[in-house]
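Below is one structure, written out as structure tokens; comments come after it.
Numbers restart at 1 for each chain; the letters A, B, ... are given by sequence-line order, proteins then strands. Values in this document were obtained by computation on a predicted structure and should not be read as measured data.
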There are 2 protein chains.
Amino acid sequence: MKKRVTIQDLAKELNTTPSTISRALKNHPAISKSMKKKVVDLAKERNYQINALAAGLRIGKSKTIGVIVPRINRDFFSNVIAGVEDMAFENGYNVVICQTHDKVAKERQHLNTLISSGVSGILVSVGLETNNFDHFDEVKRLGIPLIFFDRVAEQSDVNKIQNNDKAGAYKAVVHLIDNGYKRIAHFAGPDYLNVYKDRKEGYLDALRDYNIEIEEELIIESDLKVESGRVSMKQLIELPNPPDAVFSASDYSALGALLYLDEMGIDVPNQIGVVGYSNENFTALISPSLTSVNQHGMEIGRYAAKVFFEEINDQQKSLIPRTIVLDPELIIRASSVRK
Amino acid sequence: MKKRVTIQDLAKELNTTPSTISRALKNHPAISKSMKKKVVDLAKERNYQINALAAGLRIGKSKTIGVIVPRINRDFFSNVIAGVEDMAFENGYNVVICQTHDKVAKERQHLNTLISSGVSGILVSVGLETNNFDHFDEVKRLGIPLIFFDRVAEQSDVNKIQNNDKAGAYKAVVHLIDNGYKRIAHFAGPDYLNVYKDRKEGYLDALRDYNIEIEEELIIESDLKVESGRVSMKQLIELPNPPDAVFSASDYSALGALLYLDEMGIDVPNQIGVVGYSNENFTALISPSLTSVNQHGMEIGRYAAKVFFEEINDQQKSLIPRTIVLDPELIIRASSVRK
DNA sequence: CAAAAAAAAACAAACGATTGCATAAAAATA
DNA sequence: TATTTTTATGCAATCGTTTGTTTTTTTTTG
């Protein structure tokens with residue numbers, strides 16, 4: 001059990017000073033080629049690892065990006081994280097992943113820890129519970145770049161990377177109409193979350209544009225979990241005049257619908273068409289496979305990281321907060337195309 | 001944009017010294033009750049956040065546990081992480097999550113970063129590619145507690161938290177036998193990973209114990225992805241004498257098998273029974289639902305963290321490396337019970 | 001070849017929290 | 001009241017890097 005080798009160990013061994021070692025390792029112009037080579041070689045030989053705590057303390061922050069998401073086991077979020085990791089790696093930064101399980105308290109806690117550990121920036125998708133954004137004030141006050149993605153804060157003076165959920169929903173519903181479905185129901189999420197509000201609006205817009213009557217009884221709000229999808233589907237097919245398609249704001253509730261329809265022996269897509277949202281992995285794996293809306297998680301992550309790097313590279317701090325909106329893509333599968 | 005408040009700011013304001021502030025905040029016995037109250041109150045008022053970099057540098061490490069997993073979007077791993085997070089939080093530690101995407105290079109990189117950032121311990125499940133464990137030597141040399149879980153290193157002198165994969169596989173196969181299946185195939189993973197080797201052995205043991213002949217042509221090794229499951233299943237049913245059941249070492253390849261069988265119009269479970277492994281979320285959601293083996297990810301995470309805390313609390317460093325083995329549980333669903 | 005200019009390396013002071021040791025203040029004892 | 005003991009606080013060094021400034025060495029130039 002040996003102590004870790006430091007910059008001073010290397011300095012001693014080469015009869016020079018820590019400052020020279022430090023600069024040599026950073027390829028500083030004031031260091032001669034020959035010295036650089038000696039230093040780099042020795043560092044490799046001794047397996048030198050920079051002490052990030054010391055470096056971070058000195059320069060006031062660490063080369064780290066904090067990412068806060070509701071849960072890491074959703075395909076969308078894990079794709080976002082992968083995107084952030086890519087960009088971070090390219091720029092020599094590390095990523096700290098935090099999950100809140102949709103709890104505000106956890107969100108607060110992670111935020112404090114990230115501040116405390118001197119992250120250079122914070123990317124966050126807020127939890128279902130979060131409807132107050134005071135805890136983000138401290139981050140902004142300290143001048144730490146803050147970027148929201150997907151589920152964003154209702155504040156104007158922050159950077160946001162969003163999906164055009166309205167457009168995604170619109171595409172999905174138009175696709176159903178194009179495939180001959182006439183009465184299209186909607187599984188909606190809580191209205192106070194931007195993503196669900198927008199998806200519902202996209203649905204309504206599509207119906208209006210195609211002169212289809214909007215029927216309130218075909219719009220069911222829930223928590224969009226599998227079980228809710230099942231319950232909602234049951235409710236729908238027991239109507240005197242049931243719908244012939246469902247556009248669900250979540251793949252999970254769409255799955256619930258599929259399971260219920262299967263149990264009832266109702267044929268999907270021929271009797272009822274179903275479209276989900278988020279393009280979770282399982283949508284391609286089930287039978288019938290589920291048409292869904294791909295939100296390009298990876299891209300969102302890359303954009304969020306990109307905005308972060310732009311922020312820190314801007315010396316004048318003159319950047320005004322931006323909102324970037326990405327267009328989602330409809331992935332057509334078996335559940336919505338009549339045979 | 002204000003500077004963050006430090007311990008010296010607080011000291012100045014209370015006409016005392018940083019050392020007193022530091023001790024007061026840590027509830028050190030040498031500080032008077034009155035002083036503690038003043039300090040704690042002011043710290044709260046000024047929203048003081050400890051500078052983890054400075055503290056970490058001073059004491060030589062940070063109150064952080066690093067967790068390295070192949071991927072965070074697997075239910076098993078995200079459960080493990082949740083378990084670790086629980087225990088860490090209870091003990092005032094933070095968790096840094098790293099994913100390798102099964103690449104050794106990433107494993108190395110994360111390991112270096114964790115060392116560099118002074119984590120107090122490292123919990124790791126190695127990637128599919130990893131068959132050499134040299135990169136962990138440095139961790140041990142530095143005396144950083146290292147705990148392997150699930151996919152563990154073939155070294156004897158490290159802590160390990162494992163599933164009894166052999167027992168899990170045995171249970172699964174016996175369950176198939178009990179349900180009247182006679183010729184049971186196996187989708188195996190690479191032999192150099194302990195988990196897959198053990199699952200195969202459990203399979204073989206069960207066949208032996210029940211006097212069922214082992215047929216090499218019924219054992220197919222692959223990367224256990226969905227597509228491989230499909231291909232392997234095709235291969236099996238094209239045999240002159242195809243099997244009537246499959247025990248897959250992964251839920252994903254089991255799913256591939258189910259999809260192929262569905263396409264072929266072969267009835268599961270009546271014609272062919274299928275059992276998977278890991279109890280991924282989707283196993284309960286597909287039709288027919290997939291019998292699988294639950295590995296208690298949460299518990300594994302908690303145990304791994306527990307072993308870590310025991311390590312750091314042991315002053316004499318007298319602890320000998322331990323191996324903890326948990327018994328997995330068979331979750332019986334539709335895919336393996338004839339109607 | 002001496003003086004000036006350029007290049008390379010050394011010096012030293014941070015960054016903020018922690019902690020062993022010294023000291024001051026308060027309390028207890030003689 | 002003087003002295004010892006206890007309790008509370010202050011002092012100062014330290015962790016390993018970074019970086020502005022100074023010094024030394026080398027190179028260039030008249």
Would you say [X] reaches [N]'s phosphate, i.e. side-chain N/O to OP1/OP2 under 4.0 Å?
X: A:Ser32; N: C:dA9; value: yes
X: B:Lys3; N: C:dC15; value: no
X: A:Tyr48; N: D:dT17; value: yes

Candidate nucleotides [options], ranked by approach to the side chain of [X] - the nearest:
X: A:Ala55; options: C:dA17, C:dA9, D:dT17; value: D:dT17
X: B:Ile59; options: C:dT19, C:dA17, C:dG16; value: C:dT19
X: A:Ser19; options: D:dT17, C:dA9, C:dC11; value: C:dC11

Figure out the [atom1]/[atom2] separation between [X] and [N], and round it to whole Å.
X: B:Ile21; N: D:dT9; atom1: CD1; atom2: C1'; answer: 11 Å
X: A:Ile7; N: C:dA9; atom1: CD1; atom2: P; answer: 15 Å
X: A:Leu14; N: C:dA9; atom1: CG; atom2: C1'; answer: 13 Å
X: B:Asn51; N: D:dC15; atom1: CG; atom2: C1'; answer: 13 Å
X: B:Gln8; N: D:dC11; atom1: CD; atom2: P; answer: 13 Å
X: A:Arg23; N: D:dG16; atom1: CZ; atom2: C1'; answer: 15 Å
X: A:Lys61; N: D:dT17; atom1: NZ; atom2: P; answer: 20 Å
X: A:Ile31; N: D:dT25; atom1: CD1; atom2: P; answer: 16 Å

> How far apart are the C-alpha atoms of B:Arg108 and B:Glu138, what are their side-chain angles, what is the distance that settles it, and do they pass the salt bridge (charged side-chain N to carboxylate O under 4.0 Å, His left out) test?
Replying inline: CA-CA 11 Å; B:Arg108 277 218 168 71; B:Glu138 180 73 3; over 6 Å; no
>> Can you work out whether B:Thr17 or B:Ala54 has the more 5'-proximal nearest nucleotide on DNA chain D?
In response: B:Thr17
>> Classify B:Asp9 by what it touches in the nucleic acid, base, sugar-phosphate, or nothing, heavy-atom distance under 4.0 Å.
In response: nothing
> Looking for any heavy atom pair under 4.0 Å, which part of the strands does A:Ile50 touch: base, sugar-phosphate only, or nothing?
Replying inline: sugar-phosphate
Does [X] have more than 12 heavy atoms from other residues, nucleotides or ligands lying within 6.0 Å of its [atom1]?
X: A:Tyr48; atom1: OH; result: yes
X: B:Tyr192; atom1: OH; result: yes
X: A:Lys36; atom1: NZ; result: yes

> What is the distance from atom CD1 of A:Ile65 to atom CD1 of A:Ile97, rounded to the nearest 0.5 Å?
Replying inline: 11.5 Å
